[in-house]
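Encoded as structure tokens, the structure appears first; notes follow it.
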Amino acid sequence: MLNTQIKEEKYLDIINQFALGLLSQSTIKEILWSVIDNVVSKLDFYDCAIYLLDDQGENLIQVASQAYKNRTPKENKAALIKLGTGIVGKVALQKKAKITNDTSLDKDYIPDDQFRFSEITIPIIHEDELIGIIDSEHPDKDFFQPIHLSILTTIASMVAIKVVQARHLENLAEREQSFDLIYSNTNDLIFLIAVEPNKVYRIVSVNRAYLDLSKRSKEDVVGKTVDEIWDKERASVIRKYFIQAITTKKPITYEIDFGKGEDRTIVETKLTPVFDKRGRCTNLSGVSRDITAAKATQSELKQEQEKYQLLFSKARDAILMLKNDIIIECNDRALEIFGRSREELIGFKPNHFSPKLQPDGQTSSRKTIGDSFQWVHSKKDGSLFTVEVMLSPFKLENEEYTQALVRDISDRIKTEQVLRASEKRYRTIFENSLDGIYKSTPEGKFVEVSPALVNMLGYSSEEELLSIDIKTQLYFKTEDRIKHDNQYRLKRKDGAEIWVEDHGFYQYDNSGKKIFHHGILRDVTAKNQKQEELQNLLNMTSDQNKRLQNFAHIVSHNIRSHSANLTSLVSFMESTKDEDEKEKMFQMLKSSTSQLEETIKNLNEIITVNQNLNKPIERRNLLSEIEKTLKILSGEIHQNKVSVKIQVPADLKINVIPAYLDSIMLNLVDNAIKYRRRDLKPKITIKATQLKKSVKLVVSDNGLGIDMKAHGDKIFGMYNTFHANEDARGFGLYITKNQVEAMKGKIEVKSEVNQGTKFIITFDEAH
């Protein structure tokens, strides 16, 4: 290891080692890393870092660094020091090397990863231009000596030369690469020909485009003479151009036609002769371009010109060519609409063929203003016609001209007059219609609205309604916008709902795209309400008829059965003389009479329910009503040790006929107790849930249950019983169903034998 007091005799040896290390390096990266490695290893430095000045000359960027305790070079993390900042920045700005023996005393010192006391900073300069900085730090004070400064300064000079050389080589390589890239990839054909004695022309170099066009390989072309490549006739033509360029000593341009038919290729070549100092032509440099497409374009332009001439003469509109406001040319249509010959038009000003005054009262001889206007002209027979004129000024060979496109719009004027009258009638209907009329865009904006529509939707003005977003502020459902000849709901400004009947259609452009939506809206809210009331009345009547028919059937069946039975018993009593038999018959008659009385009582209950269909609905707290029912049945609940679980929100209220709700709850809970299982502790659960527009009430138990497959369709029938219970009449569920339906609700049942029964009642809260 080299100590800090480097001996004079080793100075040259160290410099020589650095020089040898730099000699073998060619790229900037290799040069810098060679210096870094030698500084740390040969000079026994703690670390070393090299910075290069950026292209803008404002910042130093760390491009290489290595530490003594970590021989692995650190990749550049693009550490950046602004010129003039810190010791490194100050040395770079002043271009003067510096040794700092105690960095703690230098205000410019900026610690890196850790504080070090010594620092040596050497600028890398070439021809007074700053290239970069070599910088090293050491943890000991006074480590760096003048000999270190001398060595690093010499090394910095060598590095500067090598870096400049490397940059020059890199730039040269880039330029050469760019030239090769252009030469190889240009679409132009490039070739170089050597001129040999006896008028021998040998190809020295060609690019890729030349080979592609000639459909030859490089071996087939390079080194061959023109006579060896081309046939005798074409070679003779080419040689003439070569001789012309050499003789005139000027670049020449010529065209050669290769191939025939679809394979035909026309090539334009610019040939430049190259002469030596003695004036002898040594080379011919050529650049060729495929102009087949350009030639085709020229041909097409000629055809287009011919087409233009045809369109000019046969155009449906009159075309006048003017110079100094005088007609110098016109087409056939101009002769037709003016009713004059070419000789009668050319040489005159257009206003020569007009009445003295135009419809606006001004003279026809006045100067027209603008490039588009309407004008009245006269035919040769004196009849007037209106035209639309479009003026297009242009220059041709520095001469100013004007093209006037003249269209006869007499028929259009008449049509517009008819349309204006029609529009006036439409506006009268639009303004006074009782229905709402509108025109809107597909995006959801009104373009036009009638006063009736503004009033129908509750807006204060037409402008206010035109400003709304139809999709969000008018429709409850977006899909209703596409409904025509249909009814749907709309929102008024105050949020109220109205029903409208829509009669509309779409307007399309020429490409089939929707551009407007037209329609007429009629407010049918009142009409629908009347229809709904009528339908409700019809439904009620139908329901009453069904109930009446059912009741009639029950009366007919039950009374007839009792009547027949009583008649038979009376007949038996009259016919028998046996007193015991008569007593027996009497008891039977008494029993039948009692059953008849019960039947009449049941029928009376049905009549009572049906008569109360329109009984007032009241809003009641459901939990309170349920608790009232449980108090009535508290004795049976206590006696049979029934567990009752209530899951009903305390604030839940429903619309019911109170007497019916009491009857329903009494019947369902009483049935749950009556048809309990004797081997289980009876459990009854009463649960209620508030839905969006209804309340669902569920009464469930763990009792005997019902065989739904056998009796599911009979559960709510009259006189149907499903268990051997002497108290069962088969009438309660029938009454319960009638009471639920009388309140616009519905009742369902789910049950399994020995598993229990669940009654689900839905109370409609929308009415």
Which atom names give the shortest non-hydrogen contact between [X] and [Y], and what distance separates them?
X      : Y      : value
Ala97  : Leu149 : CB-CD1, 3.5 Å
Leu335 : Ser341 : CD2-C, 3.5 Å
Ile36  : Cys48  : CD1-O, 3.4 Å
Pro123 : Ile133 : CA-CD1, 3.6 Å
Cys281 : Pro273 : SG-CB, 4.2 Å
Ala92  : Leu130 : O-CD2, 3.4 Å

[Y] ring centre to [X] NZ or CZ under 6.0 Å, with the angle to the axis within 45°?
X      : Y      : result
Lys249 : Phe275 : yes
Lys514 : Tyr508 : no
Lys379 : Phe385 : yes

Answer with yes or no whether the side chains of [Y] and [X] bring together a donor and an acceptor at under 3.5 Å.
X      : Y      : result
Gln507 : His518 : yes
Asp408 : Ser410 : yes
Ser392 : Gln403 : no
Ser354 : Asn351 : no
Asp135 : Thr121 : yes
Thr247 : Gln244 : no

side-chain contact (heavy atoms from CB on, under 4.5 Å) partner of Leu52, the single match among Leu32, Leu60, Ile61: Leu32
So do [Y] and [X] actually touch side chain to side chain, heavy atoms under 4.5 Å?
X      : Y      : value
Val195 : Thr282 : no
Val406 : Leu320 : yes
Ile50  : Val35  : yes
Val267 : Thr269 : yes
Asn38  : Phe45  : no
Leu284 : Ile246 : yes
His126 : Val163 : no

Reported [atom1]-to-[atom2] distance for the pair [X] and [Y], which is rounded to 0.5 angstrom:
X      : Y      : atom1 : atom2 : answer
Lys224 : Trp230 : NZ    : CH2   : 13.0 Å
Asp257 : Ile266 : CG    : CD1   : 5.0 Å
Ile256 : Ile238 : CD1   : CD1   : 4.5 Å
Ser288 : Tyr210 : OG    : OH    : 7.5 Å
Leu53  : Ile131 : CG    : CD1   : 9.5 Å
Cys330 : Met321 : SG    : CE    : 11.0 Å

Stepwise salt bridge (Lys or Arg N to Asp or Glu O under 4.0 Å) check, Glu400 with Lys323: CA-CA 7 Å; Glu400 293 185 354; Lys323 184 178 181 182; over 6 Å; no
Short side-chain to backbone donor-acceptor contact, [X] and [Y], under 3.5 Å:
X      : Y      : result
Arg278 : Asp276 : no
Asn198 : Val200 : no
Gln358 : Trp375 : no
Asp509 : Lys513 : yes
Arg216 : Ile229 : yes
Asp54  : Glu58  : yes
Asn207 : Ile190 : yes
Arg239 : Lys199 : yes
Arg333 : Arg316 : yes
Ser440 : Gly444 : no

Pair Ile161-Val164, side-chain contact (heavy atoms from CB on, under 4.5 Å): steps then yes or no: CA-CA 5 Å; Ile161 294 169; Val164 169; 6.0 Å; no
[X] atom [atom1], neighbour heavy-atom count above 12 within 6.0 Å:
X      : atom1 : answer
Asp381 : CG    : yes
Lys349 : NZ    : no
Glu196 : CD    : yes
Arg407 : CZ    : no
Arg289 : CZ    : no
Asn324 : CG    : no

Criterion side-chain contact (heavy atoms from CB on, under 4.5 Å) on Gln62 and Ile81, from CA distance to verdict: CA-CA 8 Å; Gln62 188 185 98; Ile81 298 176; over 6 Å; no
Salt-bridge present (Lys380, Glu344; N to O < 4.0 Å):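 Here Lys380 pairs with Glu344 in a salt bridge, since their nearest N and O are under 4.0 Å apart.
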Lys270 and Asp188 ion-paired at < 4.0 Å: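 Salt bridge absent between Lys270 and Asp188.
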Steps toward side-chain contact (heavy atoms from CB on, under 4.5 Å) verdict (Leu345, Phe353): CA-CA 9 Å; Leu345 283 178; Phe353 310 105; 3.6 Å; yes
Step-by-step salt bridge (Lys or Arg N to Asp or Glu O under 4.0 Å) determination, Arg208 to Asp212: CA-CA 6 Å; Arg208 176 191 55 77; Asp212 290 345; 2.7 Å; yes
For Tyr254, ring pair (Phe, Tyr, Trp, His ring centres under 6.0 Å) partners two or more places apart: Tyr241
Test log, rule salt bridge (Lys or Arg N to Asp or Glu O under 4.0 Å), inputs Arg412 and Glu388: CA-CA 10 Å; Arg412 193 181 84 187; Glu388 187 175 67; 3.2 Å; yes
Full working for side-chain contact (heavy atoms from CB on, under 4.5 Å) between Ile319 and Leu405: CA-CA 5 Å; Ile319 302 175; Leu405 189 67; 3.8 Å; yes
Ring geometry between Tyr201 and Phe242 (parallel below 30°, tilted from 30 to 60°, perpendicular above 60°):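 Rings of Phe242 and Tyr201: perpendicular, as their planes differ by over 60°.
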